[in-house]
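Have a look at the structure below, then the notes.
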Amino acid sequence: MADAAHAVRLVGALRRSRERIVTTREEERRRLRRDLHDGLGQSLSGMAMSINAARHSLRVSPETAERMLSELRSGMDSVTSDIRHLVYGLRPPTLDELGLAGAVAEMAGSGATVEVRGELSGLPAATEVAAYRIAQEALTNARKHAGATTVRLSLERGEDFLSIRVHDDGVGIPAERRLGIGLASMRERAAELGGTCMITTPPEGGTMVEAVLPVNLNVEI
């Protein structure tokens, strides 16, 4: 009876986790659609109108046309920045430029030790992004919230998994503290791919983030 009850609780927890993942994904898609339509879409429409007005002013008032084109140039710079922000939110460009190991090493900088074991090329795009974001969140927490002075990060590829381990020497996680959005998001990113993510305070202190992600999958980001 106890085993059956435990199984029921596990199934319920898994269902709620999947529901949160689906909800989070749909909210992100809604945000992206809103940003594209309300932000970039309207900005580009406004630029098209400015171009037409500048062409008209060019014949009757070159000074006005020059001012309008200058403002248009500033607007284009702003739109370019917005596009880069959206692209980075979908997939960090450094993953394509440097690969997962290089991108994580660049992100970690000189304030963390990065160790790579195994060949990380050829990973599914979804696994790469999840690993990068988990490492990013763990590093951010170590530096901003844990007061860590030393951070060790390792990436290891096995036959059918990729593990990410981040250990810092900070204050650790108090037993009474609930996980914040950032820590919960690491677990959800791993669960979305069928992986796991554990966040613990090891006996030697600090915080340990250990995520295991599958490498044989076909998942859309």
Side-chain angles (χ1 to χ4, degrees), residues 6 9-10 12-14 16-18 20-21 24-25 88-89 91-92 94-95 98-121 123-217 219 221:
H6 181 62
R9 287 195 297 271
L10 288 178
L14 179 60
R16 290 190 295 273
S17 177
R18 288 177 175 173
R20 286 197 302 271
I21 290 169
T24 300
R25 176 183 287 178
Y88 181 82
R91 178 178 172 85
T94 52
L95 286 175
L98 305 175
L100 178 59
V104 169
E106 182 183 79
M107 174 178 59
S110 60
T113 300
V114 179
E115 181 182 0
V116 177
R117 293 189 292 272
E119 178 56 55
L120 299 188
S121 62
L123 290 169
T127 300
E128 283 188 326
V129 172
Y132 182 90
R133 296 301 189 193
I134 289 171
Q136 182 181 46
E137 186 64 40
L139 287 170
T140 298
N141 287 329
R143 290 167 174 167
K144 290 188 176 182
H145 306 300
T149 58
T150 301
V151 182
R152 298 193 304 274
L153 188 155
S154 68
L155 299 168
E156 179 180 0
R157 180 172 183 174
E159 182 177 351
D160 56 2
F161 70 89
L162 171 70
S163 72
I164 306 98
R165 181 175 298 160
V166 183
H167 184 204
D168 67 62
D169 63 351
V171 297
I173 302 175
E176 68 277 5
R177 177 185 170 189
R178 297 183 61 183
L179 294 183
I181 294 176
L183 296 178
S185 71
M186 290 191 287
R187 288 182 170 175
E188 291 182 352
R189 284 187 182 278
E192 186 173 15
L193 302 185
T196 61
C197 181
M198 297 180 60
I199 305 162
T200 60
T201 297
E204 62 270 27
T207 300
M208 174 75 79
V209 175
E210 296 178 281
V212 179
L213 307 176
V215 297
N216 301 315
L217 48 81
V219 179
I221 297 185

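Quick caveat: nothing in here was measured; it's all calculated off a predicted structure.
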*CD/Q136 to OG/S185 distance, rounded to the nearest 0.5 angstrom?*
9.5 Å

*What closest approach, in Å, do T201 and G206 show between heavy atoms, and which atom pair accounts for it?*
CG2-O, 3.2 Å

*State, to 0.1 Å, how close T127 and L193 come at their nearest heavy-atom pair, and which atoms those are.*
CA-CD1, 3.9 Å

*Sequence-distant partners of E119, side chain to side chain donor-acceptor pair (under 3.5 Å), two or more places apart*: S121

*Could you grab the distance from atom CG of L153 to atom CG of L155, nearest 0.5 Å is fine?*
5.5 Å

*If you look at every heavy atom in M186 and A138, which pair is closest and at what distance?*
SD-N, 3.8 Å

*If you look at every heavy atom in L100 and E128, which pair is closest and at what distance?*
CD1-O, 3.8 Å

_Check against side-chain contact (heavy atoms from CB on, under 4.5 Å), V209 and I164_ = CA-CA 8 Å; V209 175; I164 306 98; over 6 Å; no

*So, does D169 use its side chain to make a donor-acceptor pair with the main chain of T150 at under 3.5 Å?*
yes

*CG/L123 to CZ/R157 distance, rounded to the nearest 0.5 angstrom?*
4.5 Å

*Determine whether more than 12 heavy atoms belonging to other residues, nucleotides or ligands lie under 6.0 Å from atom CD of E204.*
yes

*Distance, nearest 0.5 Å, that separates OG of S154 from CZ of R117*: 5.0 Å

*Let me see the working for R165 and E115 under salt bridge (Lys or Arg N to Asp or Glu O under 4.0 Å), right down to the final yes or no.*
CA-CA 10 Å; R165 181 175 298 160; E115 181 182 0; over 6 Å; no

*At what distance, to the nearest 0.5 angstrom, does CD1 of I134 lie from CD of E210?*
12.0 Å

*Under the side chain to side chain donor-acceptor pair (under 3.5 Å) rule, collect the residues that match up with R152, sequence neighbours excluded.*
H167

*Could you state the interatomic distance from CZ (R133) to OG1 (T140), rounded to the nearest 0.5 Å?*
10.5 Å

*Between L213 and A131, what is the shortest heavy-atom contact and its length?*
CD1-N, 3.7 Å

_Where A103 and L98 come nearest, the two heavy atoms and their spacing_ = N-CB, 3.8 Å

